[in-house]
Amino acid sequence: MSINATPSWSCQGGSLSCNVTTIVAVIAAMTFSASGAAPTPLYQEYQSHFGLTPFMVTVIFAAYVLCLLLALLTVGSLSDYIGRRPAILAALAMNIVAMLIFMTAGSAVALIVARAVQGFATGFAITTLGATILDTDRERAPVLNSVTAFAGLAAGTLGAGVLVTYAPAPEQLVFLVLLVASAMEAAILWYMPETAELRRGALASLRPRVRVPPAARSTFASITPVNIAAWALGGFYFSLMPAVVRVATGATLPVVGGIVVAALTFAGAVVVVALRRIAPERTLRSGIVALAFGVAITLAGVQYQFVWIMLCGTVVSGLGFGSVFSGALRSVMPLAQPDERAALLSAFYVEGYLAFTLPAMLAGFLAPVVGLTTAADFYGAAVILLALASLSTTTFWKMNR
């Protein structure tokens, strides 16, 4: 996820330098993403303790995503009015509360509440921290903001997978680590310089603004199928993929599912950096091909029951996921005027996060009926078809531009 804004201040006041503020803000942004990914390897534990069905797992996941989206649409720009520092500290405080709820959760309802609080905190934080990084390091901010989410998701999934597999009391330890990290970041950022000029209009800024401007509509429509495909693939991985790995291959160690899921976002982070200077049209087209090819390889791994094939397919899919995300965003955002970009970015994320949630919930609902691996087959086939449909629409759009 990337944040694009016009920085208004240089670093003034506070005890931290610009460089230290940037570093801690990057780490904090990764911590929020890691917190969002951490429950994924734990779903196996929750299923055995609370008797959760695949559908309930996706409901818990949906609570996180929908509350994150709600925060993006309401408080996403609040730090422009009240200041970066209080907004960051408030988001970190909410994340600490979410970790405490996770640590004491004794039912599916408690997990839903924890996910909801965590999602809202993350949505509040990622825009504020992204703006802070842009304020304090204008040159490197675009790259840093593009990779923090991917890197944090990979670290959170893999780290939680390791702790769940090898450490005692993983349902508490995973979140204790993240709680301590959030508290330490809050203690440091308490002394950060305020980089936003305070102004009136905070209440008015809470009103959601979602709109695709006329100049961007044809491009937005052409990238919609693959945008949905990429986000839907991510949603499946972070909700049901560990269970698919376990059922399809018999690999019961949570770290194995964690590695497969982490491979998706790690590959995405690598490709976002590697292709940042490549034209968005080329990035998008290559991403579409990689996404479809990678999903096909992953489905072959499911059918032949080989984890290593699934892992290879996931890496290719991750390269496609990162390329599609970067290429789609860079293709559509320049078509909006400066005062239209926030509403367009909101539309992009509304589409993406709904695709991140709703298809996975449908798969979770169907899994007990048709079987988890069969649901994965249908899901993967739909992702491939959407990707190929988008390849044809983007090619047609380019020829008729």
Taking all non-hydrogen atoms of both residues into account, name the closest pair between [X] and [Y] and its distance.
X    : Y    : value
I101 : A114 : CG2-CB, 3.6 Å
V164 : P41  : CG1-O, 4.1 Å
F321 : A230 : CE1-O, 2.9 Å
R115 : G36  : NH1-O, 2.8 Å
L72  : G123 : CD2-O, 3.6 Å
A336 : L344 : CB-CD2, 3.7 Å

Given side chain to side chain contact (heavy atoms under 4.5 Å, CB included), test Y43 with L52 step by step and report yes or no.
CA-CA 9 Å; Y43 285 139; L52 303 182; 5.5 Å; no
Would you say the side-chain atoms of Q118 and S35 include a donor-acceptor pair closer than 3.5 Å?
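No - no donor-acceptor pair under 3.5 Å links their side chains.
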Please check if any side-chain donor atom of D137 sits under 3.5 Å from a side-chain acceptor atom of T22, or the reverse.
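Short answer, no.
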Sidechain-backbone polar pair: [X] side chain, [Y] backbone, donor-acceptor under 3.5 Å:
X    : Y    : answer
E45  : L42  : no
N145 : G130 : yes
T195 : D135 : no
E194 : R85  : yes
T128 : I88  : no
S390 : L386 : no
T283 : G327 : no
T53  : M56  : yes
T58  : F55  : yes

Rounded at 0.5 Å granularity, tell me how far [atom1] in [X] sits from [atom2] in [Y].
X    : Y    : atom1 : atom2 : value
E351 : T224 : CD    : OG1   : 3.5 Å
L134 : L129 : CG    : CG    : 12.5 Å
L299 : M310 : CG    : CE    : 8.5 Å
L78  : Y81  : CG    : OH    : 9.0 Å
L264 : L233 : CG    : CG    : 5.5 Å
I288 : L388 : CD1   : CG    : 9.0 Å

Would V244 and M241 satisfy side chain to side chain contact (heavy atoms under 4.5 Å, CB included), going step by step from the backbone distance to the final call?
CA-CA 5 Å; V244 172; M241 194 59 177; 4.2 Å; yes
Please report, to 0.1 Å, the donor-acceptor pairs under 3.5 Å made by any side chain of residues 358-377, with sequence neighbours excluded.
unit_1 : atom_1 : unit_2 : atom_2 : d
T374   : OG1    : V370   : O      : 3.3
D377   : OD1    : Q303   : NE2    : 2.9
D377   : OD2    : Q303   : NE2    : 2.6

Would you sort out whether I82 and L198 count as a side chain to side chain contact (heavy atoms under 4.5 Å, CB included), showing the intermediate values?
CA-CA 6 Å; I82 68 171; L198 306 188; 5.5 Å; no
So [Y] and [X], do their side chains get closer than 4.5 Å, heavy atoms only?
X    : Y    : result
V24  : V20  : yes
L16  : P193 : yes
T249 : V302 : no
T122 : Y64  : yes
T136 : M192 : no
V75  : F120 : yes
Q172 : L176 : no
M99  : F102 : yes

Classify the ring geometry between Y379 and F236 as parallel (under 30°), tilted (30 to 60°) or perpendicular (over 60°).
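Y379 vs F236 ring planes: tilted.
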What orientation do Y353 and F356 show, parallel under 30°, tilted 30 to 60°, or perpendicular over 60°?
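Geometry flag for F356 against Y353: perpendicular rings.
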Among T148, N95, L178, L68, exactly one meets side chain to side chain contact (heavy atoms under 4.5 Å, CB included) together with F32. Which residue is that?
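Among the candidates, only N95 passes.
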Per the salt bridge (Lys or Arg N to Asp or Glu O under 4.0 Å) rule, what does the pair list look like for residues 60-82, sequence neighbours excluded?
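Sorted result for residues 60-82: D80-R84.
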Exceeds 12 heavy-atom contacts within 6.0 angstrom, atom [atom1] of [X]:
X    : atom1 : result
M184 : CE    : no
F293 : CZ    : no
F220 : CZ    : yes

Residues two or more places apart in sequence or in another chain: which of them pass salt bridge (charged side-chain N to carboxylate O under 4.0 Å, His left out) with R282?
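So R282 forms no salt bridge (charged side-chain N to carboxylate O under 4.0 Å, His left out) with any residue.
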Output side-chain donor-acceptor pairs under 3.5 Å for residues 272-280, partner residues at least two apart or in another chain, one line each.
unit_1 : atom_1 : unit_2 : atom_2 : d
R276   : NH1    : V273   : O      : 2.6

Distance-only donor-acceptor pairs under 3.5 Å for side chains of residues 203-216, two or more places apart:
unit_1 : atom_1 : unit_2 : atom_2 : d
S205   : OG     : A202   : O      : 2.5
R209   : NH1    : R207   : O      : 3.2

Step by step, would you call T157 with F238 a side chain to side chain contact (heavy atoms under 4.5 Å, CB included)?
CA-CA 9 Å; T157 308; F238 280 96; 3.4 Å; yes
Which pairs, with at least one residue in residues 307-327 and sequence neighbours excluded, count as a side chain to side chain donor-acceptor pair (under 3.5 Å)?
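Listed once each, the pairs are Y237-T314, S326-R330.
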One pair to check against ring-ring contact (aromatic ring centres under 6.0 Å, His included): F150 and F325. What are the steps and the verdict?
CA-CA 11 Å; F150 287 107; F325 177 83; 5.7 Å; yes
